[in-house]
S.K.: 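Quick one: this structure, given as structure tokens, is what I'll be asking you about.
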Amino acid sequence: MSSGIHRKWKPIAFPNDPQATHQMQEWMAEEGYILFGIEHDFRGADLSGGDFTKAWFTQAVLVNVRLTEAIFYRADLQSADLTGADLTGSDLVRANLDGAVLRSARLDSTDMTKASLQGVDASGASFRDTRIMGASLFDVNMRGADLTNAILFQNTFKVTVDDATIIQGLTGTVFGPITAFEGRSSRELAGAELEAWITERGGQVQVIPPSRTPR
């Protein structure tokens with residue numbers, strides 16, 4: 001973020017953990033200081049509207065933290081626990097979410113353009129109206145997730161879904177395949193079969209042939 005901008009912003013509620021609160025207060029006081037929240041516990045905080053550009057939240061605990069309309073441009077959220085967190089309307093452009101836990105998190109209307117999600121548990125998460133464009137999704141558990149009206153664009157989309165995954169209104173282009181669970185059995189879907197599977201559930205997505213997968 002540009003120097004000094006975050007000093008004009010104050011969290012609605014600081015974390016319950018004194019060390020995490022101290023780290024935030026230092027960040028707010030120091031011009032040009034990047035928030036270093038690695039392994040800190042931010043539970044109890046309401047950080048809505050904060051600008052956390054390039055901040056470090058690696059392995060941080062953000063369970064049930066309110067982060068609506070926050071900016072995480074190029075932030076490192078690798079292996080962070082965001083279970084139940086509310087990121088509605090947030091900017092996650094180019095954010096690193098590899099290994100993060102997004103179980104039951106709310107990411108409605110977020111911008112996840114070129115974000116990286118590898119080995120992520122997003123089961124039960126909500127991605128309604130979310131822009132997932134040019135992002136990399138490898139080994140992402142989306143069982144029970146809600147992708148209503150989400151927009152995809154040339155994403156690597158190697159995800160796991162099930163009968164509870166909602167894809168009504170899902171549009172765009174993806175590189176498959178996906179793994180779909182139906183009861184106790186599962187099958188891999190790619191190409192025309194994947195397109196048909198999505199169409200049957202109210203979405204309209206074009207699957208890009210493997211030969212055009214970006215390196």
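The model shown is predicted, which means the values in this text are computed figures rather than measured ones.
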S.K.: Determine all donor-acceptor pairs shorter than 3.5 Å in which one atom belongs to a side chain in residues 172-184; sequence neighbours excluded.
M.R.:
from: T173; atom 1: OG1; to: Q154; atom 2: N; distance (Å): 2.8
from: E182; atom 1: OE2; to: R187; atom 2: NH2; distance (Å): 3.2

S.K.: Considering all heavy atoms of both residues, which atom of I167 and which atom of I198 are nearest to each other, and what is their separation?
M.R.: CD1-CA, 3.7 Å
S.K.: Taking only residues two or more places apart in sequence or in another chain, which ones pass ring-ring contact (aromatic ring centres under 6.0 Å, His included) with F72?
M.R.: F52, F57
S.K.: Same cluster or not: I132 versus L194, using hydrophobic residues (I, L, V, M, F, W, Y) connected whenever any side-chain heavy atoms lie under 4.5 Å apart?
M.R.: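 Yes; L194 is reachable from I132 via cluster members.
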S.K.: If you look only at pairs with a residue in residues 115-143, which of them pass as a ring pair (Phe, Tyr, Trp, His ring centres under 6.0 Å), with sequence neighbours excluded?
M.R.: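 Pairs touching residues 115-143 that pass the test: none.
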S.K.: Which pairs would a plain distance check flag for residues 158-166, meaning a side-chain donor or acceptor within less than 3.5 Å of a matching protein atom at least two apart in sequence or in another chain?
M.R.:
from: D162; atom 1: OD1; to: G144; atom 2: N; distance (Å): 3.1
from: D162; atom 1: OD1; to: A164; atom 2: N; distance (Å): 2.9
from: D162; atom 1: OD1; to: T165; atom 2: N; distance (Å): 3.1
from: D162; atom 1: OD1; to: T165; atom 2: OG1; distance (Å): 3.2
from: T165; atom 1: OG1; to: M142; atom 2: O; distance (Å): 2.9
from: T165; atom 1: OG1; to: G144; atom 2: N; distance (Å): 3.3
from: T165; atom 1: OG1; to: D162; atom 2: N; distance (Å): 3.0
from: T165; atom 1: OG1; to: D162; atom 2: O; distance (Å): 3.4

S.K.: Is there a donor-acceptor pair under 3.5 Å between the side chain of E195 and the backbone N or O of V207?
M.R.: yes
S.K.: Other residues, nucleotides and ligands only: do more than 12 of their heavy atoms fall within 6.0 Å of CH2 on W56?
M.R.: no
S.K.: May I ask you to check whether over 12 heavy atoms, not counting those of Q25, lie within 6.0 Å of atom CD?
M.R.: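 Correct, the count exceeds 12.
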S.K.: Give a yes or no on whether the backbone of P15 and the side-chain of T21 come within a donor-acceptor separation of less than 3.5 Å.
M.R.: yes
S.K.: Between atom CG of D111 and atom CD1 of I71, what is the distance when rounded to the nearest 0.5 Å?
M.R.: 11.0 Å
S.K.: Is there a chain of hydrophobic side chains (I, L, V, M, F, W, Y, each step under 4.5 Å between heavy atoms) that links V101 to L117?
M.R.: no
S.K.: Kindly compute the distance separating CG (L147) from CZ (R201), expressed to the nearest 0.5 Å.
M.R.: 13.0 Å
S.K.: What distance separates R43 CZ from D81 CG, expressed to the nearest 0.5 Å?
M.R.: 8.5 Å
S.K.: To the closest 0.5 Å, what do you measure between CE (M133) and NZ (K114)?
M.R.: 10.5 Å
S.K.: Looking just at side-chain N and O atoms, do D108 and S126 make a donor-acceptor pair shorter than 3.5 Å?
M.R.: yes
S.K.: Can you list the residues that meet the side-chain hydrogen bond (donor to acceptor under 3.5 Å, both in side chains) rule with S136, with sequence neighbours excluded?
M.R.: none
S.K.: Between the main-chain N or O of F157 and the side-chain N or O of N155, is there a donor-acceptor pair closer than 3.5 Å?
M.R.: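 No, the answer is negative, given that no donor and acceptor are paired below the 3.5 Å cut-off.
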S.K.: Give the minimum heavy-atom separation between L107 and T110, together with the two atoms involved.
M.R.: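 Heavy atoms of L107 and T110 come nearest at O-OG1, 2.9 Å.
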S.K.: Which atoms form the tightest heavy-atom contact between L82 and L67, and what is the distance?
M.R.: CD2-CD1, 3.9 Å
S.K.: Please give me the minimum heavy-atom distance between W27 and W9, naming the atom from each residue.
M.R.: CZ3-CZ3, 3.5 Å
S.K.: Restricting to non-hydrogen atoms, name the atom on G44 and the atom on A13 that form the minimum distance, rounded to 0.1 Å.
M.R.: O-CB, 3.9 Å
S.K.: Spell out, yes or no, whether V65 and F14 are grouped together once hydrophobic residues are joined by side-chain heavy atoms under 4.5 Å, including indirect joins.
M.R.: yes
S.K.: Under 4.5 Å between side-chain heavy atoms, counting indirect links through other Ile/Leu/Val/Met/Phe/Trp/Tyr residues: same cluster for L97 and I151 or not?
M.R.: no
S.K.: So, taking the atom named OG1 in T171 and the one named CG in L152, what distance separates them when rounded to the nearest 0.5 Å?
M.R.: 7.0 Å
S.K.: Do Q23 and L35 have side chains that approach each other closer than 4.5 Å (heavy atoms only, starting at C-beta)?
M.R.: yes
S.K.: Group every Ile, Leu, Val, Met, Phe, Trp and Tyr by side-chain heavy-atom contacts under 4.5 Å, then state whether V140 and V205 land in the same group.
M.R.: yes
S.K.: Test of understanding: with salt bridge (charged side-chain N to carboxylate O under 4.0 Å, His left out), list the residues that count as partners of D129, not counting sequence neighbours.
M.R.: none
S.K.: Quick one: CG on N149 to CZ on R128, what's the gap to the nearest 0.5 Å?
M.R.: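 Here the interatomic distance stands at 7.0 Å.
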S.K.: If we check side chain to side chain contact (heavy atoms under 4.5 Å, CB included) with L77, which of these qualifies: L102, N96, L62, D98?
M.R.: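 In the set L102, N96, L62, D98, the residue that makes a side chain to side chain contact (heavy atoms under 4.5 Å, CB included) with L77 is L62.
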S.K.: Between K54 and I34, which heavy-atom pair has the shortest distance, and what is it?
M.R.: O-CG2, 3.2 Å
S.K.: Knowing that exactly one of S90, S109, S48 qualifies, which makes a side chain to side chain donor-acceptor pair (under 3.5 Å) with T68?
M.R.: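 Passing option: S48.
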S.K.: Is there side-chain contact between F42 and M24, with at least one heavy-atom pair below 4.5 Å?
M.R.: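 Yes, their side chains come closer than 4.5 Å.
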